[in-house]
Structures are given as C-alpha cells and as structure tokens.
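Comments concern the structure below.
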Amino acid sequence: MQDCIFCKMVSKEIPVETVYEDEHVLVFKDVKPEAPIHLLLIPKKHITSLLDLDEEDIEVAGRIQLTCAHLAREMGLVERGFRVVCNCGDDAGQAVMHIHYHLLAGRLLKWPPG
Ligand code: 5GP
Ligand code: ZN
C-alpha cells in the first residue's frame, strides 16, 4: 500500500534490519527498542489492524504466531520468557496502521502494561 512505512520495508524501498523473512512474513528490529530484544513481525500483505483480518488471513496470522515461537527458541528466550503484543487502535497506542506483533524479551516485563 502506498504511504505505508511497513509496506515500504517489505518492498525494500526503506532499508530494514531483517531478522527473518519468508514468503508471507517479515521480521525486523524495532527502531526504538523497549527491551533488549524488541522485534516486529508483520505480514507482507498490507492489513491495517487486527480488526481487518479476514478468513483468508488465517494462515498468515498463524504463521506469525509460529514464527514467534521459532524465533524465541532460536534466540534462547524460552527459559526466561518473552511477550508478544499486538496494539490495536488509539487506546492501545497503535501508531503504524499495518498490523504488527511486537516480540519483547531480555528483561522483566511488568504486568499490567502501562
Ligand atoms: P505501535 O505503537 O504501532 O504498536 O508500534 C509501532 C512500532 O514501530 C514502534 O515500536 C516503533 O518504534 C516502530 N517503528 C516505527 N517506525 C519504524 C521504522 O521506520 N523502522 C523500524 N524498525 N521500526 C519502526
Ligand atoms: Zn502496509
């Protein structure tokens, strides 16, 4: 989608520090990390938010979850744990209107979040 910063990362129009990539999913480091490990997992297809997922997106949504687990194992995060967050809408602080899942780890993550 034009004017979507994450779509421009998918198309490599904007350079990105890629951590993992397959046909459907791109994972890169957050530019403003909130934890020692802070990755963003996005579908390559433009989907605005969780509310815009359709039946046809079930596979990519599932793949993102599996990719979280795969990366957590690969990065040695299983023992201490990690958090996956998908902000949706204003109160949650969604700033980029291309659905993304934050994978946070490497410090104690308080609950409830601020
Ligand atoms: P949200 O608040 O929408 O859930 O999170 C958006 C995230 O995208 C933020 O954590 C922000 O730091 C990250 N972000 C915004 N612009 C860029 C960028 O140009 N590059 C990278 N790597 N991350 C970005
Ligand atoms: Zn997009």
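For ligands, and for the atoms within them, numbers begin at 1 and follow the listed sequence. Everything numeric here is computed off the predicted structure, so don't read it as measured data. In what follows, every heavy atom counts, from backbone to side chain, and hydrogens, waters and symmetry copies are set aside.
Assignment of Met9 to the shell around ligand 1 is supported, since a heavy atom sits closer than 4.0 Å. Within the 4.0 Å heavy-atom shell around ligand 1 one does not find Met97. At least one heavy atom of His102 sits closer than 4.0 Å to an atom of ligand 1.
Residue, atom and distance of the protein heavy atom nearest to atom 23 (N) of ligand 1 are Val31 N, 3.3 Å. The single protein non-hydrogen atom nearest to atom 2 (O) of ligand 1 is Gly93 O, 2.8 Å, given as residue, atom name and distance. Atom 7 (C) of ligand 1 has Asp30 OD2, 3.5 Å as its closest protein atom, hydrogens excluded (heavy atom only).
The line from SG of Cys7 to CD1 of Ile42 is 7.0 Å long, rounded to the nearest 0.5 Å. Note: His46 NE2 to Thr48 OG1 = 3.5 Å, rounded to the nearest 0.5 Å.
Checking only distances, Phe28 never comes within under 3.5 Å of ligand 1, N or O to N or O. For ligand 1, the polar-atom distance check against His100 finds a nitrogen or oxygen pair separated by under 3.5 Å.
Within His98, the N, O or S atom at minimum distance from the Zn ion (ligand 2) carries the name ND1.
With ligand atoms numbered from 1 in the order given, ligand 1 contributes 8 (O) to contacts under 4.0 Å with heavy atoms of Phe6. For ligand 1, the atoms closer than 4.0 angstrom to any heavy atom of Val96 are 3 (O), 6 (C). Distances below 4.0 Å separate heavy atoms of Ala95 from the following atoms of ligand 1: 1 (P), 2 (O), 3 (O). Residue-ligand proximity, Leu40 to ligand 1, at heavy-atom distances under 4.0 Å covers atoms 8 (O), 13 (C), 23 (N). Within the listing of ligand 1, atoms 12 (O) sit less than 4.0 angstrom from a heavy atom of Lys32.
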Applying side-chain contact (heavy atoms from CB on, under 4.5 Å) to Phe28 and Val10, what does each step give before you reach the verdict? CA-CA 10 Å; Phe28 51 94; Val10 170; over 6 Å; no

Start with the C-alpha distance between Asp3 and Lys8, add both sets of side-chain angles, then the distance that settles side-chain contact (heavy atoms from CB on, under 4.5 Å), and finish with yes or no. CA-CA 8 Å; Asp3 297 331; Lys8 286 182 180 165; 4.2 Å; yes

Start with the C-alpha gap between Met97 and Asp52, add the side-chain angles, then the distance that decides, and say whether side-chain contact (heavy atoms from CB on, under 4.5 Å) holds. CA-CA 11 Å; Met97 293 300 142; Asp52 300 288; over 6 Å; no

As a quick check of understanding, evaluate side-chain contact (heavy atoms from CB on, under 4.5 Å) for Phe82 and Ile37, giving each step before the final call. CA-CA 9 Å; Phe82 59 95; Ile37 293 168; over 6 Å; no

Stepwise, does the salt bridge (charged side-chain N to carboxylate O under 4.0 Å, His left out) test hold for Glu34 with Arg83? CA-CA 12 Å; Glu34 298 291 352; Arg83 182 173 292 165; over 6 Å; no

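Centred on the Zn ion (ligand 2), the ND1 atom of His46 and the SG atom of Cys7 lie at an angle of 110°, reported to 10°.
Using a 4.0 Å cut-off between charged nitrogen and carboxylate oxygen, Glu56 and Lys45 count as a salt-bridge pair.
Considering His38, Glu17, Lys29, Lys8 only, the shortest heavy-atom separation from atom 22 (N) of ligand 1 involves Lys29.
Checked against the 6.0 Å centroid criterion, the rings of His100 and His98 do not qualify as a close aromatic pair.
In this structure, the side chain of Asp22 engages the main chain of Val25 through a donor-acceptor pair within 3.5 Å.
Between Leu40 and the choices Leu103, Val96, Asp30, the side chain to side chain contact (heavy atoms under 4.5 Å, CB included) rule is met once, by Asp30.
The part of Asn87 lying near ligand 1 is the side chain, judged by heavy-atom distances below 4.0 Å. Looking at Ile5 against ligand 1, only its side chain comes within 4.0 Å, counting heavy atoms.
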